[in-house]
Amino acid sequence: MVTPLGIELGSRGALGRRARIDDFEVISVTVDIDDWTCRLDFPDGWVDLTAAIELDPAARAAWAREVVNSFDPLDLVASREPMEEILISLARNAKRTHAVLAAAYFAVGGANYAVFDVQIFGEDGVVLSLDEVESRLLGHKEILGKPQVSRADLPVGPAVRLHAQYQSKGVLGFGKRLSEGVSYALLVPQTSDVLVATMTWRAREHGDQFTRMADALMPTLSFVPLDGEGKPLLEDGFYGV
């Protein structure tokens, strides 16, 4: 299928728990974070990077080969080795930014267009308000121009939504890299944690499509507190969807 903005979608491999919801295949990515867990449901085209974040270099390379081998070879235009290098780099960057959950979007042909990650912030006993969280989000030094800030009501609770352009240094500090992203920040109930989920992309000509994609992903976020043995405290499932 080709989207209105010309990005072709198709069946690609992804390492995660697959399910079908309303005739669409989704990849459910779940991660345990101290005494609670969160889950997001990604549509087809996304590759789960989470399992590779803490791997050593050899294991991460093996993981990347497995992911590329899971792609439909008839869809691939890019060669396998560069794709493996991209996956390794993305997983390495997720580790560098302390992401607890990460995924990458690949279009048919093997081109990586977007990255999604979840980060957790907070200190024991320090509970921030959404206004304080918004202020910290706006303090990001790489924001370019005036970002769009709003509030969103997600199934798990209210969130700050930030849509911004970013400017960072290029390779070895030369030149500039421009990117675009949508972030959602929310307070995790019954904890002092702040969850920040961000989707970023560099193909800004497709910004409207990726913005819609980010906004469609966030309502799938759910989480539930865990007991000392890592078991859910609620029998009726996750908060949220």
Side-chain angles (χ1 to χ4, degrees), residues 28-42 46 48-51 53-54 90-104 114-144 146-166 168 179-201 210-211 213-228 230 232-234 237-241:
S28 294
V29 180
T30 304
V31 59
D32 291 346
I33 305 162
D34 294 329
D35 53 357
W36 57 279
T37 188
C38 76
R39 186 188 73 193
L40 281 149
D41 295 333
F42 292 86
W46 286 88
D48 178 16
L49 304 174
T50 309
I53 292 176
E54 298 297 334
L90 292 173
R92 193 164 49 221
N93 187 65
K95 180 177 178 64
R96 181 183 64 82
T97 58
H98 305 289
V100 297
L101 182 152
V115 176
F116 186 99
D117 64 41
V118 172
Q119 297 167 301
I120 306 299
F121 302 93
E123 300 178 30
D124 290 339
V126 179
V127 180
L128 299 177
S129 67
L130 277 183
D131 288 338
E132 291 171 315
V133 171
E134 178 180 323
S135 177
R136 296 193 183 195
L137 283 178
L138 291 173
H140 196 299
K141 63 181 180 180
E142 294 182 348
I143 290 179
L144 184 66
K146 186 176 181 179
Q148 301 174 25
V149 185
S150 60
R151 297 296 171 92
D153 290 322
L154 299 177
V156 291
V160 177
R161 180 186 182 276
L162 175 70
H163 184 181
Q165 309 282 335
Y166 297 91
S168 59
S179 61
E180 184 176 355
V182 172
S183 296
Y184 282 78
L186 61 148
L187 310 178
V188 181
Q190 303 178 23
T191 77
S192 58
D193 294 334
V194 177
L195 181 148
V196 179
T198 302
M199 179 172 161
T200 55
W201 57 90
F210 290 129
T211 298
M213 190 182 293
D215 291 337
L217 271 173
M218 287 309 300
T220 75
L221 173 68
S222 56
F223 41 68
V224 65
L226 304 174
D227 63 18
L233 289 174
L234 301 179
F238 290 77
Y239 290 126
V241 295

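The ring pair (Phe, Tyr, Trp, His ring centres under 6.0 Å) search around Tyr184 returns none, not counting sequence neighbours. Contacts of Glu132 classified as side-chain hydrogen bond (donor to acceptor under 3.5 Å, both in side chains), with partners at least two apart in sequence or in another chain: Ser129. When the salt bridge (charged side-chain N to carboxylate O under 4.0 Å, His left out) test is applied to Arg151, the partners found at least two apart in sequence or on another chain are Asp131, Glu134. Under the salt bridge (charged side-chain N to carboxylate O under 4.0 Å, His left out) criterion, Glu54 pairs with Lys95, not counting sequence neighbours. When the side-chain hydrogen bond (donor to acceptor under 3.5 Å, both in side chains) test is applied to His163, the partners found at least two apart in sequence or on another chain are Glu180. Applying the ring pair (Phe, Tyr, Trp, His ring centres under 6.0 Å) test to His140 and every residue at least two apart in sequence or in another chain returns Tyr166.
Atom CG of residue Leu138 and atom NZ of residue Lys146 lie 10.5 Å apart, to the nearest 0.5 angstrom. Separation of atoms CG (Asn93) and CG (Asp117) is listed at 8.0 Å; rounding is to 0.5 Å. Put simply, CG on Leu40 and CG on Asp48 are 10.5 Å apart, with the number rounded to the nearest 0.5 Å. One distance of note links CZ of Arg161 with OG of Ser183; it measures 9.5 Å at 0.5 Å rounding.
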- [ ] Begin from the C-alpha positions of Leu187 and Val194 and carry the test side-chain contact (heavy atoms from CB on, under 4.5 Å) through to its verdict.
- [x] CA-CA 5 Å; Leu187 310 178; Val194 177; 3.9 Å; yes

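Taking 4.5 Å as the limit, every side-chain heavy atom of His98 sits out of range of all side-chain heavy atoms of Phe121. Side-chain contact between Trp201 and Thr211 is present, with heavy atoms from C-beta onward closer than 4.5 Å. Looking at heavy atoms from C-beta onward, Thr191 lies out of side-chain contact with Phe223 at the 4.5 angstrom threshold. Between Leu137 and Val149 there is no side-chain heavy-atom pair separated by less than 4.5 Å.
Closest heavy-atom contact between Ser222 and Val156: CA-CG1, 3.8 Å.
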